[in-house]
*Asks:* 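Structure provided below as structure tokens; questions to follow.
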Amino acid sequence: AIGYADKLVDVPIDHSNFIIADCSVPFYQAVFHGYVDMFGPPLNYSDNITYSVLRSIEYGVGLYYQLVYQPSYYLKNTEFDLLYRSNYQDLIPEISHNYSMANSALKSVGSAEIVDHRQLDENVFVTVYSNGIEIYVNYGPAEAKIGDVLIGAESFTVRGRTE
């Protein structure tokens with residue numbers, strides 16, 4: 001079915017959380033990045049939005065929100081009350097900020113393939129793309145320096161060139 005899709009939505013951005021799993025590997029994303037547009041789970045239902053945005057950037061996955069027009073309280077005590085954080089007007093500032101951040105990271109790698117992904121430090125990962133772009137992501141509470149690359153706390157740094 002993937003061969004017929006032009007977009008994949010709700011792509012996983014974390015591991016299964018089984019006790020035997022040591023870390024998360026973006027295998028799915030590495031296979032399909034550059035061939036089909038991918039979007040992660042709805043950010044407005046994430047337990048930690050900052051982490052989810054950073055993970056999406058690390059994995060090269062676009063941001064996705066599930067939104068409704070009416071105020072969220074219209075859904076209270078209905079079969080749709082799980083959409084408790086979905087009113088688009090309430091989320092416009094957050095969406096704008098997160099999309100701007102993700103776009104600045106991912107705009108130059110949209111059609112590139114993921115050729116490498118490594119953990120460089122306890123909280124620092126790098127994803128390398130076929131066009132020479134490297135995206136460093138730091139999940140830690142303090143800035144990190146890897147070689148000559150400085151990555152802010154809970155932030156990312158994009159380095160490299162395009163062909």
Side-chain angles (χ1 to χ4, degrees), residues 7-67 82 84-86 88 90-163:
K7 293 182 185 6
L8 303 177
V9 178
D10 212 4
V11 170
I13 58 170
D14 215 345
H15 60 80
S16 63
N17 291 312
F18 291 142
I19 293 173
I20 62 170
D22 291 338
C23 64
S24 182
V25 176
F27 178 78
Y28 187 93
Q29 294 80 0
V31 170
F32 295 111
H33 198 280
Y35 298 101
V36 62
D37 293 332
M38 294 181 287
F39 301 89
L43 281 175
N44 46 322
Y45 300 110
S46 170
D47 292 339
N48 184 332
I49 291 175
T50 300
Y51 173 86
S52 294
V53 170
L54 288 174
R55 184 60 74 144
S56 295
I57 291 169
E58 176 190 353
Y59 283 12
V61 174
L63 305 184
Y64 168 60
Y65 283 82
Q66 192 173 50
L67 304 171
L82 62 112
Y84 59 90
R85 194 171 189 285
S86 59
Y88 82 97
D90 296 340
L91 296 172
I92 286 175
E94 174 188 314
I95 292 170
S96 177
H97 170 75
N98 289 338
Y99 269 96
S100 176
M101 187 168 59
N103 185 53
S104 71
L106 301 175
K107 66 183 172 189
S108 58
V109 297
S111 61
E113 298 171 349
I114 293 176
V115 295
D116 193 13
H117 177 269
R118 289 174 277 144
Q119 182 172 1
L120 303 174
D121 200 4
E122 181 180 353
N123 295 311
V124 180
F125 296 81
V126 63
T127 304
V128 181
Y129 291 87
S130 59
N131 62 357
I133 300 292
E134 299 174 344
I135 299 179
Y136 295 80
V137 176
N138 177 12
Y139 295 96
E143 71 180 18
K145 187 167 186 179
I146 305 293
D148 64 342
V149 180
L150 185 65
I151 311 107
E154 296 183 333
S155 188
F156 64 91
T157 298
V158 178
R159 293 207 20 177
R161 58 168 180 74
T162 57
E163 296 178 317

*Asks:* Measuring from Leu63:CG to Ser100:OG, what's the distance to the nearest 0.5 Å?
*Replies:*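 Reported value, rounded in 0.5 Å steps: 10.5 Å.
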*Asks:* Are side-chain heavy atoms of Pro42 and Tyr65 found at a separation under 4.5 Å?
*Replies:*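 Pro42 vs Tyr65: side chains apart.
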*Asks:* Could you label the plane-to-plane angle of the Tyr51 and Tyr139 rings as parallel, tilted or perpendicular, counting under 30° as parallel and over 60° as perpendicular?
*Replies:*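 Rings of Tyr51 and Tyr139: tilted, as their planes differ by 30° to 60°.
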*Asks:* Looking at CG of Leu120 and CZ of Phe125, how far apart are the two atoms once the value is rounded to the nearest 0.5 Å?
*Replies:*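 Here the interatomic distance stands at 8.5 Å.
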*Asks:* Would Asp148 and Arg159 count as a side chain to side chain contact (heavy atoms under 4.5 Å, CB included) if you check the C-alpha gap in whole Å, the side-chain angles of each, and the deciding distance to 0.1 Å?
*Replies:* CA-CA 11 Å; Asp148 64 342; Arg159 293 207 20 177; 3.1 Å; yes
*Asks:* Just by distance, do the side chain of Asn48 and the backbone of Thr50 share a donor-acceptor pair under 3.5 Å?
*Replies:*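 Between the backbone of Thr50 and the side chain of Asn48 there is a qualifying donor-acceptor contact (under 3.5 Å).
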*Asks:* Applying side chain to side chain contact (heavy atoms under 4.5 Å, CB included) to Ser104 and Phe156, what does each step give before you reach the verdict?
*Replies:* CA-CA 10 Å; Ser104 71; Phe156 64 91; 3.6 Å; yes
*Asks:* Kindly compute the distance separating CD1 (Ile114) from CD (Gln29), expressed to the nearest 0.5 Å.
*Replies:*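 Going from the CD1 atom of Ile114 to the CD atom of Gln29 covers 6.5 Å.
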*Asks:* To the nearest 0.5 Å, tell me how far Leu106 CG sits from His33 NE2.
*Replies:*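 Here the interatomic distance stands at 6.5 Å.
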*Asks:* Compare every heavy atom of Asn138 with every heavy atom of Ala144, then report the nearest pair and how far apart it is.
*Replies:*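 Taking Ala144 first and Asn138 second, the nearest heavy atoms are N-ND2, 3.5 Å.
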*Asks:* If you compare all heavy atoms of Pro93 against all heavy atoms of Asp90, which two are closest, and at what distance to 0.1 Å?
*Replies:*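 For Pro93 versus Asp90, the nearest heavy atoms are CD-O, 4.1 Å.
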*Asks:* Checking Ser86 side chain against Gln66 main chain: does a donor-acceptor pair fall under 3.5 Å?
*Replies:*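 No, Ser86 side chain to Gln66 backbone: no donor-acceptor pair under 3.5 Å.
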*Asks:* Rounded to the nearest 0.5 Å, how far does OG1 of Thr127 lie from OH of Tyr136?
*Replies:*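 It comes to 10.5 Å.
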*Asks:* Inspect the surroundings of OH in Tyr35 and state if more than 12 heavy atoms from other residues, nucleotides or ligands are less than 6.0 Å away.
*Replies:*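 Open.
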*Asks:* Going by heavy atoms in the side chains, are Ile95 and Tyr88 under 4.5 Å from each other?
*Replies:*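 Side-chain contact under 4.5 Å: no.
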*Asks:* Provide the closest heavy-atom pair for Val11 versus Pro41 in the form atom of the first, atom of the second, distance.
*Replies:*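 Closest heavy-atom pair between Val11 and Pro41: O-CD, 3.3 Å.
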*Asks:* Dump the intermediate steps for side chain to side chain contact (heavy atoms under 4.5 Å, CB included) on Arg55 and Val61, then the final yes or no.
*Replies:* CA-CA 8 Å; Arg55 184 60 74 144; Val61 174; over 6 Å; no
*Asks:* Is there a donor-acceptor pair under 3.5 Å between the side chain of Asn131 and the backbone N or O of Ser108?
*Replies:*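 Present.
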*Asks:* Please give me the minimum heavy-atom distance between Ala153 and Pro141, naming the atom from each residue.
*Replies:*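 Reported closest heavy-atom pair: CB-O, 3.4 Å.
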*Asks:* Given 3.5 Å as the limit, does a donor-acceptor pair link the side chain of Gln119 with the main chain of Glu122, or not?
*Replies:*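 Yes, the answer is positive, given that a donor and an acceptor are paired below the 3.5 Å cut-off.
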*Asks:* Less than 4.5 Å apart, side chain to side chain, heavy atoms only: is that true for Val158 and Ile133?
*Replies:*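 In contact.
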*Asks:* Rounded at 0.5 Å granularity, tell me how far CG in Asn98 sits from CG in Leu54.
*Replies:*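 Rounded to the nearest 0.5 Å, the CG-CG separation comes to 9.5 Å.
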*Asks:* At their closest point, which heavy atom of Tyr64 faces which heavy atom of Gly40, and how far apart are they?
*Replies:*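 For Tyr64 versus Gly40, the nearest heavy atoms are CD2-O, 3.2 Å.
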*Asks:* Do Glu134 and Asp116 come close enough that some side-chain heavy atom pair is under 4.5 Å?
*Replies:*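 The answer is no; the side chains never approach within 4.5 Å.
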*Asks:* Show the nearest heavy-atom pair for residues Val137 and Ile151, with the distance to one decimal.
*Replies:*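 Distance-wise, the nearest heavy atoms are C-CG2, 4.3 Å.
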